[in-house]
Amino acid sequence: MATALNRMFGGSRLALVAMTAALAGCGSINAQNKPVASPQTTAAVPAAAPKVAPPPETAVSREQQRIAEAYGGVYRKPALERHLNVIADRLAAASERPDLRYKVTLLNSPMINAFALPNGNLYVTRGLLAVANDSSEVAAVLAHEMAHVTLRHAIQRADEERKAVLLSRVAQDVLQDSQAGQVALAKGKLSLASFSRAQELEADRTGVQNVARAGYDPYGASRFLMSMGRQSDLRTVSLGQKPQQPGLDFTSTHPSTPERVQLAVAAARQIGAPGVGERDRDGYLAAIDGMVYGDDPSQGFARGRRFLHPRLGFAFMAPDGFTFDNSTDALLGVSPDGRALRMDAAKLSAGQSLENYVTENWIDGTEPGPIEKLDVNGMEAVTLLAKGREWTFRFAVVRMGQDAYRVIYAARELTPEIDDGFRASLTSFKRLTQEEINQARPLRLDVVSAKDGDTEETIAGRMAVSDRAAERFAVLNGLAPGEALVAGAKLKVIDE
């Protein structure tokens, strides 16, 4: 979704870019973060503690900070952190490199992602852990990332990238053929994509083998991949888009999910029939019980069409039919009929008026209309229409105290009815009362036991979500469509 919005808003001076996907794979840094020893004192009387210089910043520490910032910071849940690191220690001891040590860090993001740095730092998001259903599935994820480290994939990929750039430069600079240089670079990208897909499949195979050696169920990998694919399809449909059709994208750096599932099942069958190894569902569910689900209130969160940001103290309503997608950079929204919005903070110069800001920052390549001043629930605001070749934008800026926020609404064909919806959304912008801020709570995962007569629909109906609740419940618990619930079975539900 972010990619589509970037194309739509491309070329603007508003720097309308979403968070990059550069962290989707393992880092390519190979450095150690060395601690600084604390000096000792032998003074006979109490003395002020000597100042200890902070550890020198390294490439790895910078990458660690960048990862944490890009994924909402570190999420603290001690029991869950211990559970993850116990799994990592068990996998490391059973791996082909038992001398390596790993540390798992939990990231405060609803995205489904995991990656590793070459120094053994492993990262998993809350969103990934919400999809997993037992310890063997999480072990498969961690073992996959460990395989990237032990197989030195990051270093190999960096070498391939350098080769691709070198071939392009030779064709363009030495042979003075810019077209040949572009062709070489395009071929290099295809080669890199193929190389990266091969790395992913190799890490999948190696990971399944390590999971089995550690005593976990090797079929956990295929179960998790299937749940991840279903979650991705559900999210796509909820955003009004069509699920990606099966098949290989030759420019993709990752294999398709069906391809990975097929390989994972084949690798597990070489080890034994289903039922071999430990799953530890109860232990895992106990560890994630109470974990925040979805957006964290510190980053703002949606309740249907309403978006609230308790920390910044505001809320507003999206137009009818919109679904929000929040990131650390901006709030994005889409509707099935192609309307879109983006909201983020506006950076005003000291003493700059909203009219002057709008004049200097409307979207390039459009024909701006007159600026209209508004009073939005006691706050100063301005808005204008800007018409492009394919899209028409309603651009607005709202000043709230010392802060200012901008919203861009977009539609291919802006009818009066659609623009009325955009204006209604803009004028819904309001300050939150202290009571509203105090009552704003995140969604959480609670673990409950099924009772006699419970079905997907009855339990889903009690969850704190209304959009596709039964589907979300089934995907969240790895249940096949229409699968009967067993009384006493522990299940994840979304609650406040």
Side-chain angles (χ1 to χ4, degrees), residues 1-18 238-241 300-309 312 314-327 329-348 354-355 357-377 379-400 403-430:
M1 181 192 70
T3 301
L5 282 171
N6 288 339
R7 287 198 301 268
M8 182 177 70
F9 294 136
S12 83
R13 280 179 285 169
L14 299 179
L16 295 173
V17 293
S238 70
L239 293 174
Q241 302 170 358
F301 62 94
R303 289 292 185 270
R305 290 192 298 117
R306 189 176 189 225
F307 180 79
L308 305 91
H309 206 307
L312 299 179
F314 72 83
F316 82 106
M317 292 283 290
D320 287 338
F322 268 68
T323 300
F324 284 120
D325 188 28
N326 195 18
S327 76
D329 287 346
L331 174 69
L332 307 176
V334 294
S335 69
D337 60 8
R339 292 169 295 152
L341 71 83
R342 175 186 170 109
M343 179 184 186
D344 61 8
K347 295 182 180 179
L348 275 62
L354 295 186
E355 295 93 327
Y357 174 82
V358 170
T359 301
E360 294 182 354
N361 291 275
W362 58 51
I363 299 174
D364 288 343
T366 64
E367 299 176 6
I371 298 173
E372 178 185 357
K373 294 183 179 180
L374 298 174
D375 181 295
V376 176
N377 297 311
M379 294 173 285
E380 178 190 5
V382 296
T383 184
L384 63 83
L385 286 177
K387 186 171 181 57
R389 285 193 306 173
E390 298 182 4
W391 293 85
T392 300
F393 305 93
R394 175 161 291 283
F395 182 31
V397 184
V398 180
R399 191 193 299 272
M400 194 177 83
D403 302 316
Y405 300 95
R406 61 185 175 186
V407 188
I408 300 177
Y409 302 94
R412 288 190 180 274
E413 297 182 9
L414 185 68
T415 65
E417 292 76 17
I418 289 177
D419 194 38
D420 286 346
F422 288 169
R423 294 181 69 95
S425 172
L426 170 61
T427 56
S428 72
F429 196 98
K430 58 162 286 186

Compare all side-chain heavy atoms of [X] with those of [Y] and state whether any distance is below 4.5 angstrom.
| X | Y | result |
| --- | --- | --- |
| Ile371 | Thr359 | yes |
| Pro319 | Leu341 | yes |
| Leu385 | Phe393 | no |
| Leu426 | Val398 | yes |

- [ ] Tell me, please, which residues at least two apart from Met317 pass side-chain contact (heavy atoms from CB on, under 4.5 Å).
- [x]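 Partners of Met317 under the side-chain contact (heavy atoms from CB on, under 4.5 Å) test: Arg305, Arg306, Ser428.
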| task | Under the side-chain contact (heavy atoms from CB on, under 4.5 Å) rule, collect the residues that match up with Thr427, sequence neighbours excluded. | result |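 Applying side-chain contact (heavy atoms from CB on, under 4.5 Å) to Thr427 gives none.
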Tell me, please, which residues at least two apart from [X] pass salt bridge (charged side-chain N to carboxylate O under 4.0 Å, His left out).
| X | value |
| --- | --- |
| Asp419 | Arg394 |
| Glu413 | none |
| Asp420 | none |
| Glu355 | Lys373 |

For the atom pair CG (Leu331) and CZ (Phe316), what is the distance rounded to the nearest 0.5 Å?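 Rounded to the nearest 0.5 Å, the CG-CZ separation comes to 5.0 Å.
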Any donor and acceptor pair, going by atom type alone, linking the side chain of [X] with main-chain N or O of [Y] inside 3.5 Å?
| X | Y | answer |
| --- | --- | --- |
| Asn377 | Phe429 | yes |
| Asp337 | Arg339 | yes |
| Thr383 | Phe395 | yes |
| Asn326 | Gly300 | yes |
| Arg406 | Val358 | no |

**Asked** Is there a side chain to side chain contact (heavy atoms under 4.5 Å, CB included) between Glu380 and Asp375 once you walk through the steps?
**Response** CA-CA 5 Å; Glu380 178 190 5; Asp375 181 295; over 6 Å; no
Looking only at heavy atoms, which two atoms of [X] and [Y] are closest? And how far apart?
| X | Y | value |
| --- | --- | --- |
| Ala330 | Asp344 | CB-CB, 4.1 Å |
| Leu348 | Ala404 | CD1-CB, 3.8 Å |
| Met379 | Arg399 | CB-O, 3.3 Å |
| Leu384 | Pro368 | CD1-CB, 4.3 Å |
| Ala318 | Phe324 | CB-CZ, 3.4 Å |
| Phe314 | Met343 | CE1-CE, 3.3 Å |

Q | With sequence neighbours excluded, residues passing side-chain hydrogen bond (donor to acceptor under 3.5 Å, both in side chains) with Glu372 | A |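 Per chain and number, Glu372 pairs via side-chain hydrogen bond (donor to acceptor under 3.5 Å, both in side chains) with Arg423.
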Note to self: Under the salt bridge (charged side-chain N to carboxylate O under 4.0 Å, His left out) definition, can you give me all pairs with a residue in residues 383-392, not counting sequence neighbours?
What the structure shows: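 Listed by first then second residue: Glu390-Arg412.
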**Report entry** Pairing residues for Phe422 by the ring-ring contact (aromatic ring centres under 6.0 Å, His included) criterion, not counting sequence neighbours
**Finding:**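 With neighbours one apart ignored, the set is Tyr409.
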**Asked** In chain order, what residues pass the ring-ring contact (aromatic ring centres under 6.0 Å, His included) check against Phe301, with sequence neighbours excluded?
**Response**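 Result, ring-ring contact (aromatic ring centres under 6.0 Å, His included) vs Phe301: none returned.
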Note to self: Under the criterion side chain to side chain contact (heavy atoms under 4.5 Å, CB included), I'd like the reasoning laid out for Tyr405 against Val397: C-alpha separation, chi angles, the key distance, then a yes or no.
What the structure shows: CA-CA 6 Å; Tyr405 300 95; Val397 184; over 6 Å; no
After noting the C-alpha distance and the side-chain angles of Val407 and Arg342, does the key distance pass the side chain to side chain contact (heavy atoms under 4.5 Å, CB included) rule?
CA-CA 6 Å; Val407 188; Arg342 175 186 170 109; over 6 Å; no
